[in-house]
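The structure under discussion appears below in the form of structure tokens.
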Amino acid sequence: MLVIRNTAEKELILFDENVKCTSSLRTIANMLDNGGVCGIPTDTVYALAASCKHPEAINRIYSIKERPSEKPICICISNLDQLRVINPPFSPLLWNFMDLVYPGGISCIVQKGEWLKKLGVGPAYETVGTNDSIMIRVPDHTVTAHLTDMTGPLAITSANPSGESDSTHHDMVITRLSDKLDAVLCDGYSNELVGSTVVNCTKINEGIIKILREGCVPTTKIMQLFERAKNTPGVL
């Protein structure tokens, strides 16, 4: 069973597992679509989420976490098909690599471009990522995927005060941050104890990727997947 903690009214709203995608997720989706900031489960640890339709909500995340302004926030989409439809100028090698790592606990940093506006990030183009790059998450998590199908791309970051440990249970989000959030979508313990592994793919066309943060997916696994991507016939 999923639980929504409506932090403004300090009440718990319970939803049956069978209707979670049409009731509880719709409630959270409506909050996000109206400019709210919510705590949500992912395939790794709990995250704070805001709609890319509302840059001001993304700025709220920085205030809620006391996150340094120079640390960029990534975007979350439900599946790679959302990218394929808009046809960003990714190389065959990058597509092959993303096919191998998504969905899952890996975040790929790629070059920013006008394709993000076609994806639905337009209003938040200057607010997410850096001037030149953007980090993309495609969680392997049914709840998160259904939610982003409803809302479009979300800006997400781990649901913890900056510099503190990740939130591995919804109680941690509620205890530490609920007074600053519009709601928390509660789903018990997280699937992992740490966040995603962050891979810089901006130089992948030169045959180079760089692990910026090792998270739930070990570096050795990432490099094995990269070798598989490179060895695909016709890539290089």
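Note that the coordinates shown come from a computational prediction; the quantities given were computed from them, not determined experimentally.
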If Ile, Leu, Val, Met, Phe, Trp and Tyr residues are connected whenever their side-chain heavy atoms lie under 4.5 Å apart, and connections chain through other members, are [X] and [Y] in the same group?
X	Y	value
I136	L93	yes
I40	V45	no
I58	V37	yes
I28	L154	yes
L116	L94	yes

Mind checking whether F90 and W115 have parallel, tilted or perpendicular rings, split at 30° and 60°? perpendicular
Can T44 and S196 be counted as having a side-chain donor-acceptor contact under 3.5 angstrom?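 S196 and T44 do not have a side-chain donor-acceptor pair below 3.5 Å.
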Any chance the side chains of K210 and T202 put a donor and an acceptor closer than 3.5 Å? no
Is [X] reaching over with its side chain to a backbone N or O of [Y], donor-acceptor style, under 3.5 angstrom?
X	Y	value
R137	A155	no
T197	V217	yes
T232	A229	yes
T144	P41	yes
K118	N87	no
K65	S158	yes
K53	P123	no

If you measure from [atom1] on [X] to [atom2] on [Y], what distance do you get to the nearest 0.5 Å?
X	Y	atom1	atom2	result
S107	N200	OG	CG	12.0 Å
M135	T130	CE	OG1	10.5 Å
F97	I106	CZ	CD1	6.0 Å
I61	L48	CD1	CG	5.5 Å
L147	I156	CG	CD1	10.0 Å
E206	I204	CD	CD1	11.0 Å

For the residue pair [X] and [Y], what are the closest heavy atoms and their distance?
X	Y	result
E114	Y125	N-OH, 4.5 Å
I208	F226	N-CZ, 4.2 Å
Q111	D132	OE1-O, 3.1 Å
D43	E192	O-CG, 3.6 Å
N34	H54	C-NE2, 3.9 Å
I75	C52	CG2-SG, 4.1 Å

side-chain contact (heavy atoms from CB on, under 4.5 Å) partner of Q82, chosen from I86, N79, L80: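 So, applying the side-chain contact (heavy atoms from CB on, under 4.5 Å) to Q82 and each of I86, N79, L80, only N79 qualifies.
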Of S178, C186, S190, which is the lone residue that meets side-chain contact (heavy atoms from CB on, under 4.5 Å) with H170?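 That would be C186; it is the only one of S178, C186, S190 passing the side-chain contact (heavy atoms from CB on, under 4.5 Å) with H170.
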Is any side-chain heavy atom of [Y] closer than 4.5 Å to one of [X]?
X	Y	answer
R176	P161	yes
V101	V199	no
T127	I73	no
R60	D182	yes
I222	I209	yes

Can you confirm whether E66 is buried at CD, in the sense that more than 12 heavy atoms of other residues, nucleotides or ligands lie under 6.0 Å from that atom?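 Result for CD/E66: open.
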Worked verdict on Y46 versus D187 for side-chain contact (heavy atoms from CB on, under 4.5 Å): CA-CA 9 Å; Y46 277 81; D187 195 29; 3.6 Å; yes
Going through the checks in order, is the side-chain contact (heavy atoms from CB on, under 4.5 Å) test met by C216 and V194? CA-CA 6 Å; C216 62; V194 294; 4.1 Å; yes
Between C201 and M98, does a side-chain contact (heavy atoms from CB on, under 4.5 Å) hold up when you go through it step by step? CA-CA 10 Å; C201 299; M98 291 192 299; over 6 Å; no
Working note: L185 + C38, criterion side-chain contact (heavy atoms from CB on, under 4.5 Å); need CA distance, chi angles, decisive distance, verdict. CA-CA 7 Å; L185 183 59; C38 300; over 6 Å; no
With the threshold set at 4.0 Å, does a side-chain nitrogen-carboxylate oxygen contact exist between D99 and R84? yes
